[in-house]
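Working notes for the structure below.
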2 protein chains.
Amino acid sequence: MNISISQENYLKSILKLEASDGVATNQALAQNMESTPAAVTGMLRKLMKEGLIEYEAYHGARLTESGKHHALLTIRKHRLWEVFLVEKLNFPWDSVHSLAEELEHVGDEAFVNRLDEFLNHPVFDPHGDPIPDAKGVMRERPNLIPSNLAEVGDVFVVCGVVDSSSEFLRHLNQLGVKLGKSFQVYKRYAFDGSSEWKGNQGRLVTLSSHVSEKILIQLQS
Amino acid sequence: MNISISQENYLKSILKLEASDGVATNQALAQNMESTPAAVTGMLRKLMKEGLIEYEAYHGARLTESGKHHALLTIRKHRLWEVFLVEKLNFPWDSVHSLAEELEHVGDEAFVNRLDEFLNHPVFDPHGDPIPDAKGVMRERPNLIPSNLAEVGDVFVVCGVVDSSSEFLRHLNQLGVKLGKSFQVYKRYAFDGSSEWKGNQGRLVTLSSHVSEKILIQLQS
DNA sequence: AATATTTTTTAATCAAGCCTAAAAATTAAG
DNA sequence: CTTAATTTTTAGGCTTGATTAAAAAATATT
């Protein structure tokens with residue numbers, strides 16, 4: 001039962017949509033895969049025949065245990081490669097996604113586990129997303145909230161992002177916002193929801209609400 | 001001008017055949033690619049149209065400068081990945097070829113150059129084969145000879161192999177023969193060409209002529 | 001319940017790469 | 001120079017994954 005690259009990408013997309021919209025329509029999936037509904041139909045049939053999804057027309061697709069396992073292992077590979085690219089090859093965090101997208105389809109489990117060991121079993125990828133363990137179990141990230149929910153005076157650590165697109169990450173680079181850095185909310189402007197943060201050196205950072213909504217933080221006690 | 005995985009593999013095969021048989025027939029190429037002459041015809045046309053080879057029926061194919069460059073960069077990737085797999089992920093040298101074969105088709109030049117830097121610009125891969133530099137220039141290996149040409153009493157260092165198949169390498173593992181290790185020729189049996197080597201700790205190793213022919217060595221003055 | 005809207009499927013095509021088997025072309029040998 | 005052997009090409013198909021456009025089915029709305 002060999003899974004093709006295309007099939008792996010479908011499984012990943014289905015997993016993603018299951019997490020957000022509950023159940024996906026073929027159209028939503030087509031959009032996510034940058035493909036067409038007609039193409040999706042054929043692929044879903046194939047995935048069903050291989051026991052990777054359950055599928056009923058007009059009622060969306062759900063991953064089976066096996067399908068979920070494969071999807072999570074693919075995500076594991078992806079995120080481990082991102083760690084490798086950023087930590088070992090010194091790529092900036094905004095430029096590793098597409099490379100990891102290629103690398104995630106290479107090699108078998110033994111290989112990935114050696115990579116994991118080489119990287120010292122990292123738990124989060126460079127965007128703060130949790131890395132599933134060797135058995136394909138997604139680690140839970142503890143109580144992160146979008147930064148726009150923090151109130152004036154709150155101190156917090158940046159732990160993740162909701163949007164991992166290069167554009168967004170590059171914007172954060174410019175602001176000097178990165179994972180692990182801590183800030184205090186300094187001001188909030190009611191009229192547009194934008195906020196100002198004070199960094200460690202007292203430097204002020206201004207963020208629009210669109211940006212702060214996509215930054216995940218952990219409040220300090 | 002994007003080159004597909006299949007095309008890259010054809011270029012590699014053509015380069016290899018150019019080095020040995022001079023000019024390759026489609027049939028030789030088909031054999032090398034584990035494919036058929038009919039499949040080769042179509043691909044050679046495509047490669048010619050893209051300026052990667054010169055090709056005339058019944059007279060074989062030659063790489064153009066561009067084609068040679070691409071082939072050498074693919075080999076560079078392959079060998080760098082082999083170094084990574086052996087040195088960083090601790091894979092045995094007899095098991096990295098097929099994985100590297102997959103990895104060699106991933107990523108762009110910037111990526112490979114970062115990998116090269118991370119590995120400290122290695123010059124030889126785990127089988128002793130030279131790694132082309134960033135410009136696609138193959139480094140020359142100095143005066144290596146097959147070990148069966150060494151005479152009784154000669155001291156030498158193992159520097160490479162002609163056959164990188166898992167079976168052969170595993171055989172060398174069993175004999176305790178690896179790159180960098182030095183031996184002295186202890187005996188040679190004229191009737192079948194087999195030889196005995198004495199290792200550093202005085203241990204004796206017996207090699208058939210078929211094996212010693214495939215081991216490349218450098219004589220110690 | 002009937003109609004309108006959305007969603008999915010079918011049908012016909014395309015493209016890359018590969019296959020087999022038969023035909024054509026070229027080279028080599030007598 | 002004619003035949004034999006080799007090599008290459010053509011022809012017809014297969015597979016995977018995609019496409020568009022039209023038809024069919026299900027859901028929603030009135």
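Just so it is clear: chains get the letters A, B, ... in the order the sequence lines come, proteins before strands, and each one is counted from 1. As a basis for the values below, the full set of heavy atoms in this structure was taken, side chains included, without hydrogen atoms, waters or symmetry mates.
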Give the intermediate values and the outcome of side chain to side chain contact (heavy atoms under 4.5 Å, CB included) for residues A:M43 and A:Q7.
-> CA-CA 8 Å; A:M43 184 53 89; A:Q7 286 177 332; 3.7 Å; yes
Could you pick out which residue, A:V40 or B:Y55, lies toward the 5' side of DNA chain D when each is mapped onto its nearest nucleotide?
-> B:Y55
Rounded to the Å, how far apart are B:N32 CG and C:dC18 P?
-> 13 Å
Rounded off to whole Å, could you give me the CD1-to-P distance for the B:I5 and C:dC18 pair?
-> 11 Å
Using atom CD of B:Q7 as one end and atom P of C:dA16 as the other, report the distance to the nearest whole Å.
-> 9 Å
Report yes if at least one side-chain N or O of A:R45 is closer than 4.0 Å to OP1 or OP2 of C:dT10; otherwise report no.
-> yes
Looking at residues at least two apart in the chain, or sitting in another chain, which of them share a salt bridge (charged side-chain N to carboxylate O under 4.0 Å, His left out) with A:E101?
-> A:K12
Ring centroid separation for B:F84 and B:F91, is it under 6.0 angstrom?
-> no
B:S6 side-chain N/O to C:dG17 phosphate OP1/OP2 under 4.0 Å | no
Whole angstrom is fine here: how far is it from CD in A:Q31 over to P in C:dT8?
-> 12 Å
Under a 4.0 Å heavy-atom criterion, the protein footprint on nucleotides 19-25 of chain C, written with B, S and -, is SBB---B
Between C:dA16 atom P and B:M43 atom CE, what is the distance in whole Å?
-> 10 Å
Atom pair distance, as rounded to whole Å: CG in B:L44 and P in D:dT10 = 13 Å
Would you please confirm or rule out a distance under 4.0 Å between OP1 or OP2 of C:dT27 and any side-chain N or O of B:H59?
-> yes
C:dG17 OP1/OP2 closer than 4.0 Å to side-chain N/O of B:S4 | yes
So, for A:H78 and A:H97, is the gap between ring centers shorter than 6.0 Å?
-> yes
Starting from C1' on D:dT15, measure out to NZ on A:K49 and report it in whole angstrom.
-> 12 Å
Look up atom CG in B:L175 and atom CD1 in B:I215, then write down how far apart they are to the nearest 0.5 Å.
-> 7.5 Å
NE2 of B:H121: more than 12 outside heavy atoms within 6.0 angstrom?
-> yes
Side-chain N or O of A:Y10 less than 4.0 angstrom from OP1 or OP2 on D:dT16?
-> no
In whole angstrom, give the distance that lies between atom NE2 of A:H105 and atom C1' of D:dG17.
-> 14 Å
Check step by step if side-chain hydrogen bond (donor to acceptor under 3.5 Å, both in side chains) holds for B:W93 and B:N173.
-> CA-CA 9 Å; B:W93 72 334; B:N173 285 345; 2.8 Å; yes
